[in-house]
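Just so you know, these numbers come straight off a predicted model, no measurement behind them. Atom set for the values below is all heavy atoms of this structure, side chains included, hydrogens, waters and symmetry mates excluded. Atoms within a ligand are numbered from 1 in the order they appear, just like the ligands themselves.
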Amino acid sequence: MEFSTLIFEKQENFAIITLNRPDKLNALNNQLFTELDTIITKIEKDASIKAVILTGSGDKAFAAGADITELHECDSRTGKLFSEFGSGVMARLENLSIPVIAAVNGFALGGGCELTLACHIRFASNNAKFGQPEVNLGIIPGYGGTQRLPKIIGKARAMELILTGDLIGADEAYRIGLVNKVFEPSELMAKTIEMVNKMLSKGTLALSAAVDAINASEMLSPKEGLDYESRLFGRTCGTNDFKEGTLAFIEKRKANFSGN
Ligand code: COA
């Protein structure tokens with residue numbers, strides 16, 4: 001399937017989605033969200049895809065935000081729909097039961113930053129810049145920034161970033177826990193793939209259960225969350241991967257997981 005705003009590449013057991021409007025710094029327009037939504041459905045239906053990497057094309061931007069030319073046309077009614085559409089697509093990405101990793105290769109501003117927040121893990125190149133500059137446009141973040149950012153970096157830091165619209169570099173993003181690791185631009189993709197391969201060498205059913213359980217921690221009460229974890233733990237104990245993983249430990253050899 002061909003897409004005009006995204007590149008979808010399927011490797012052996014993971015997929016790479018590249019935001020592909022480099023002349024517009026990969027700004028997120030309606031077409032891009034529609035295509036991303038289609039790709040998420042495709043990934044949900046393809047059991048051979050066990051992880052997703054999201055990145056931006058070109059060497060300047062992951063995504064410089066929602067497309068401001070489209071945004072400019074909004075009024076209060078359509079603005080709400082604009083927000084709900086992008087926000088819904090990002091929630092679908094976040095709720096995939098496989099690891100979703102952002103490889104942030106430049107500007108991640110506004111909706112671009114929010115898209116990285118919907119990913120489970122963020123790796124960045126040392127030239128990446130993060131920010132929620134919406135207040136400069138007279139609006140607030142509309143794709144989950146006010147909800148996810150405080151959970152990731154804490155309320156006071158989220159307030160500061162969102163209320164000032166300031167941009168921060170990759171080192172500061174690392175210092176405040178916004179990104180997991182920082183690499184040279186030339187190393188970003190290789191290191192991200194290395195980490196994905198490391199994850200995929202484990203029991204992939206366990207990876208999915210872990211993603212689901214951690215995601216649930218944001219929606220359930222502590223008691224419900226612990227009950228949910230026990231249910232998923234029990235489910236993983238019924239897998240061949242569990243038998244193989246524990247037997248390999250007992251036999252002092254490397255586990256050979258089948259993903260069943
Ligand atoms: N929406 C639509 N187009 C965008 C865009 C956005 N969010 N961000 C960048 N672009 C476009 C520019 O209009 C320009 O297009 P043109 O060449 O047709 O004029 C192209 O991408 C390159 O951007 P430019 O501003 O020339 O690059 P720069 O290096 O001078 O500045 C930024 C880079 C990221 C600082 C600047 O583009 C910017 O501030 N973008 C908007 C960021 C923002 O407010 N995002 C939140 C949106 S809610």
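The pair Asp37-Arg92 meets the salt-bridge criterion, with a side-chain N (NZ, NE, NH1 or NH2) lying under 4.0 Å from an Asp/Glu carboxylate O. The existence of a salt bridge linking Asp227 and Lys223 is confirmed by a sub-4.0 Å separation between a basic side-chain nitrogen and an acidic carboxylate oxygen. A salt bridge does not link Arg157 with Glu160: none of the charged nitrogens is closer than 4.0 Å to a carboxylate oxygen. Contact check on Lys198 versus Glu194 returns no salt bridge, with no Lys/Arg side-chain nitrogen under 4.0 Å from an Asp/Glu carboxylate oxygen.
Ligand 1 has a nitrogen or oxygen under 3.5 angstrom from a nitrogen or oxygen of Ala66. Any N or O atom pair closer than 3.5 Å counts here, and Thr69 shares no such pair with ligand 1.
Looking only at protein heavy atoms, the nearest one to atom 38 (C) of ligand 1 is Leu109 CD1, 4.8 Å. Ranking the protein heavy atoms by distance from atom 13 (O) of ligand 1 puts Lys24 NZ, 4.8 Å first. Among protein heavy atoms, atom 23 (O) of ligand 1 sits closest to Leu25 CD1, 3.6 Å. Looking from atom 5 (C) of ligand 1 to the surrounding protein, the closest heavy atom is Ala27 CB, 4.0 Å. The single protein non-hydrogen atom nearest to atom 44 (O) of ligand 1 is Pro133 CG, 3.6 Å, given as residue, atom name and distance. Scanning the protein for heavy atoms near atom 2 (C) of ligand 1, the closest one is Ile68 N, 3.4 Å.
Screening residues 200-210 for side-chain hydrogen bond (donor to acceptor under 3.5 Å, both in side chains) gives no qualifying pairs among residues at least two apart or on separate chains.
Residues Asn126 and Glu184 bring a donor and an acceptor atom of their side chains to less than 3.5 Å of each other. For Thr239 and Asp241, the side-chain atoms include no donor-acceptor pair closer than 3.5 Å. Judged purely by distance below 3.5 Å, without hydrogens or angles, the side chains of Asn20 and Ser57 pair a donor atom with an acceptor atom. Thr5 and Glu35 share a donor-acceptor pair across their side chains, judged by distance under 3.5 Å alone. Counting only N and O atoms by type, the side chains of Asn240 and Ser258 include no donor and acceptor under 3.5 Å apart.
For the ligand labelled ligand 1, residue Gly111 lies outside the 4.0 Å heavy-atom shell. Residue Asn136 places every heavy atom at 4.0 Å or more from ligand 1. Look at Lys60 and you'll find a heavy atom under 4.0 Å from some atom of ligand 1.
Atom 29 (O) of ligand 1 lies below 4.0 Å from at least one non-hydrogen atom of the protein. In this structure, atom 47 (C) of ligand 1 is in close contact with the protein, since a protein heavy atom lies within 4.0 Å of it. Under the 4.0 Å distance rule, the nearest protein heavy atom to atom 26 (O) of ligand 1 falls outside the cut-off. Not a single protein heavy atom sits closer than 4.0 Å to atom 36 (C) of ligand 1. For atom 19 (O) of ligand 1, no protein heavy-atom neighbour is present inside the 4.0 Å cut-off.
Counting heavy atoms only, Ala64 comes closest to atom 45 (N) of ligand 1 of the residues Gly110, Ala64, Gly145. Nearest-residue assignment for atom 17 (O) of ligand 1 (options Asp67, Asn29, Asp23; heavy-atom criterion): Asp23.
Taking the six-membered ring wherever Trp is involved, the centroid distance between the rings of Phe183 and Phe123 falls below 6.0 Å.
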